[in-house]
Amino acid sequence: MKKCHGSVVGTLLLAVCVLLPGTSFARNPTLDEQRALYREAKIAVARGSEGNVHRLVNALGDYPLKPHIEYLWLSDRLRHAKTIEVSTFLNNYDDSSLANRLRYRWLDTLHHQRREQDFLAYYRPASASTEQQCYFHFIHLSKGKKEPFLSDAISLWSVGKSQPNGCDALFDYLIANQHITDEIAWNRYSAAVLNHQHRLARYLQHFFTTDRYQLLAKNFLKVDLEHELIGNYSLFSDFNDALSGDEIHAIIAHGLTHLARTDATTALKHWSYYQQIHPFTSEQRKQVVTDLIKGLYNQEHPDIADNYLIDYLDIVDPSLLEWRTREFISQADWQSVLTWIERMPLQLRETDRWLYWRARAADLNHTAKQPPEQNSAYQVLSRSRSFYGFLASEWAANGYSMAFKKARVSPTVIAELEKQPGILRTREFVFHEDYLAARREWYHTTRNFTEQQWITAAHIASSWQWHNGAITSMISAGFWDDINLRFPLAFKDAFYSHADKTGVPVHLLFAVARQESALAQDVQSRAGAKGLMQLMPATARETARKHGISYRGSHQLFEPEINITLGSRYYREMLERFENNRILATAAYNAGPHRVSSWLKKSQGSLPFDAWIETIPFLETRNYVQNVLAFSMIYAYHLESEARILSEKEKQHRL
């Protein structure tokens, strides 16, 4: 047994540290030995075994994840930690994501313990929570320091929602010292009403000291609750002074946008009146006009809406023009599709989507024989590696263009970047399959990278077989043409195995997983979908039951093998339900089969396949179907398959 006295192990200050036989190395431990020690140290931390933690931290030597063990031990015991321990850790590992996390938790501890001087010493505004910001400003104001702390404190108060309880002391100070003027109270009040925070708005009414603001606030809340009152022009007749102009405009615009959603023709009449006497901002005009047009369409006044939209093409959001064009696509009114595409701004009109639909609508219009230049449009667009480019290739009878360009990086540059501590820590998190910690460290380390550094980082992540890291790095770099890095053949054996067992084309399974999770096996969506193919637990459980697959619970969905097993079979079910149509099966995988059935019922077999896809009501599902079909062709290219994006049957079948 070896004893070392008065040593400092990272941030663990020990009077004595003990190295037991078996973990005392006469030489530096190998990487494999360090990894084994790390796993043992995590167990020791979980068990609260202080002696073992100290021993193992010492034995880890220069292992990149040694700080993680120190962090785990220290963060669980912050209430009793010594300031020197925390300070040493933050100083030693200031370049790590762990330092930010520890600082955040340490500030919360200092706040709870009312250790004001220590709190100020460790405070950093860029990473502070709202509660921490409030406490920081309260400390300064309570000591008589006014600026810039007073104005910052008022900014924290003046948001249109309730702030955390930790801000109460600061806000009580502002109120007690009469820093909340009518104008300041109005800023927060109007924001609360705009956010429909009515309880907060009623509370804020108590801060108004003048009749003018009390009446203004009362009328604003009335209009928010009863939008029809915007037609009572006398509500605002008492507010003609310049000071209230901006306030009145905000109230009127707010009321009109809401009224337009239920009674657009009445809102339009009021808008005509108010425009003559109030100089609204460009943003207010844009919002009101956009909502008026949407309301007119939804309330079945398409001619009025179209005329109004044409009159205001210069101020409406271009997405409204896209929406209107899709409405004509859903009606198979191809001449109107062409007309409305021409009304789009040039930059929008020349995107792949609308270049495709300009050519396709002309084909479908059947008003004249297709001119030679029409086929030329398909030829040009077919050079694009996109959903629309691949469809254009179908009509032009071309092969698909992958526009592949390798993102080259020299081995010297890679070796240099690999030495960065954050990169080394990420590598080890990936090795231990702690992917959440890996993503945190990766994000922190690479947040200020240049494009070339991001590309280099993607190569490094790919060499670790951490495909999600490579994909997200290439996205950050904005380098789209290296489809080897962006569309890797991850988990290849499992995908091939279950493609063979289910009859689902393997390139399609790859595409679904790439779209669903960017090949991150541990991710969970806000809705609760899990793993590579983003299965909902209920769907996974039912699929396992139907197919006699052993399934112990949703935690297994983070295992690639079980996730692909269940995901491939669920996709097979969708194919069977929709007669092997990949468009419908893919839409059903994302939005559910019942929704797809309802969309089919609405279209009643009247639309070409691409028009049906373009008019899927859910933007997420529309993009999803287009991406999966396009990604499937990229994977087919990787796998040297001659597969086409759709079969002739799928292309000819009307939906």
Side-chain angles (χ1 to χ4, degrees), residues 318-319 321-322 325-326 329 334 337-338 340-342 344-364 370-407 451 455 471 474-488 507-508 510-512 514-515 518 582-583 586 608-616 619 621-647 650-651:
S319 64
L321 288 168
E322 293 187 284
T325 307
R326 284 196 182 91
I329 293 174
W334 308 118
V337 170
L338 291 168
W340 281 87
I341 289 174
E342 291 306 312
M344 293 177 181
L346 180 62
Q347 186 175 8
L348 179 61
R349 195 164 67 237
E350 293 189 348
T351 59
D352 282 2
R353 183 190 309 276
W354 299 115
L355 285 172
Y356 174 82
W357 276 109
R358 185 162 54 188
R360 182 74 166 126
D363 282 351
L364 293 165
Q370 179 179 312
E373 62 268 17
Q374 194 57 48
N375 188 54
S376 176
Y378 287 136
Q379 293 285 354
V380 171
L381 188 55
S382 68
R383 299 170 193 161
S384 171
R385 184 189 59 248
S386 69
F387 172 72
Y388 297 102
F390 294 155
L391 290 190
S393 296
E394 293 293 305
W395 307 124
N398 284 347
Y400 301 136
S401 172
M402 292 298 151
F404 172 69
K405 180 180 179 182
K406 187 174 179 59
E451 177 186 341
I455 292 172
I471 291 167
M474 292 302 284
I475 292 171
S476 296
F479 193 103
W480 310 113
D481 292 338
D482 191 330
I483 56 175
N484 290 342
L485 287 172
R486 291 185 57 222
F487 297 91
H507 60 275
L508 193 55
F510 271 118
V512 170
R514 173 61 172 79
Q515 170 63 21
R582 284 173 287 178
I583 297 168
T586 303
F609 76 93
D610 46 1
W612 193 89
I613 295 171
E614 192 64 53
T615 57
I616 290 174
L619 173 61
T621 304
R622 187 191 314 145
N623 290 340
Y624 182 91
V625 171
Q626 293 174 350
N627 284 348
V628 168
L629 292 176
F631 291 176
S632 72
M633 290 300 92
I634 297 173
Y635 276 109
Y637 169 81
H638 282 327
L639 299 168
E640 299 181 349
S641 167
E642 296 296 323
R644 304 298 292 182
I645 190 167
L646 293 168
S647 67
E650 288 167 323
K651 288 193 295 182

Report the residues that fulfil side-chain hydrogen bond (donor to acceptor under 3.5 Å, both in side chains) with [X], sequence neighbours left out, ordered by chain and then residue number.
X	answer
S386	D352, S384
S401	none
T586	Y571
W334	none

Could you state the interatomic distance from [atom1] ([X]) to [atom2] ([Y]), rounded to the nearest 0.5 Å?
X	Y	atom1	atom2	answer
K405	N484	NZ	CG	14.5 Å
I634	M402	CD1	CE	6.0 Å
L381	W395	CG	CH2	13.0 Å
M344	R358	CE	CZ	10.0 Å
N623	I616	CG	CD1	9.5 Å
L629	L646	CG	CG	5.5 Å

Considering non-hydrogen atoms only, spot the tightest contact between [X] and [Y] and give its length.
X	Y	result
S382	A392	N-CB, 3.9 Å
R514	R486	NE-O, 2.7 Å
M633	I645	SD-N, 3.2 Å
W354	I329	CZ3-CD1, 4.1 Å
G399	S393	O-OG, 3.6 Å
I341	R349	O-CD, 3.1 Å

Residues in ring-ring contact (aromatic ring centres under 6.0 Å, His included) contact with F631, at least two apart in sequence or another chain: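 Scan of F631 (ring-ring contact (aromatic ring centres under 6.0 Å, His included), adjacent residues dropped) gives F487.
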Spell out, as yes or no, whether a donor-acceptor pair under 3.5 Å connects the side chain of D482 to the backbone of A407.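 Judged by distance alone, yes, a pair lies under 3.5 Å.
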Contact check, side chains of M474 and W480, non-hydrogen atoms, under 4.5 Å: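 M474 does not reach W480 side chain to side chain.
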Are side-chain heavy atoms of V628 and F387 found at a separation under 4.5 Å?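 No, too far: nothing below the 4.5 Å cut-off.
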Please identify each residue that fulfils side chain to side chain contact (heavy atoms under 4.5 Å, CB included) with [X], with sequence neighbours left out.
X	answer
E350	L346
A477	E451, W454, I455, F479
Q347	none

Listed once per pair and sorted, the side-chain hydrogen bond (donor to acceptor under 3.5 Å, both in side chains) pairs that draw on residues 633-647, sequence neighbours left out: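 Of all non-adjacent pairs touching residues 633-647, those that pass side-chain hydrogen bond (donor to acceptor under 3.5 Å, both in side chains) are E394-R644, Y400-R644, S647-E650.
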Assess the residue pair Y378 and R360 against the criterion (side-chain contact (heavy atoms from CB on, under 4.5 Å)); give the C-alpha distance rounded to whole Å, side-chain angles, the decisive distance to 0.1 Å, and a yes or no. CA-CA 9 Å; Y378 287 136; R360 182 74 166 126; 3.9 Å; yes
Which residues pass the salt bridge (charged side-chain N to carboxylate O under 4.0 Å, His left out) test with R326, not counting sequence neighbours?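 In terms of salt bridge (charged side-chain N to carboxylate O under 4.0 Å, His left out), with neighbours along the sequence ignored, R326 is linked to E614.
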What residues, two or more places apart in sequence or in another chain, satisfy salt bridge (charged side-chain N to carboxylate O under 4.0 Å, His left out) together with R385?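 Per chain and number, R385 pairs via salt bridge (charged side-chain N to carboxylate O under 4.0 Å, His left out) with D481.
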Test side-chain hydrogen bond (donor to acceptor under 3.5 Å, both in side chains) applied to D610 and W357, Y388, Y356, the passing residue: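 Option passing the side-chain hydrogen bond (donor to acceptor under 3.5 Å, both in side chains) with D610: Y356.
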Assess whether side-chain contact (heavy atoms from CB on, under 4.5 Å) is satisfied between V625 and W612, documenting all intermediate values. CA-CA 11 Å; V625 171; W612 193 89; 5.9 Å; no
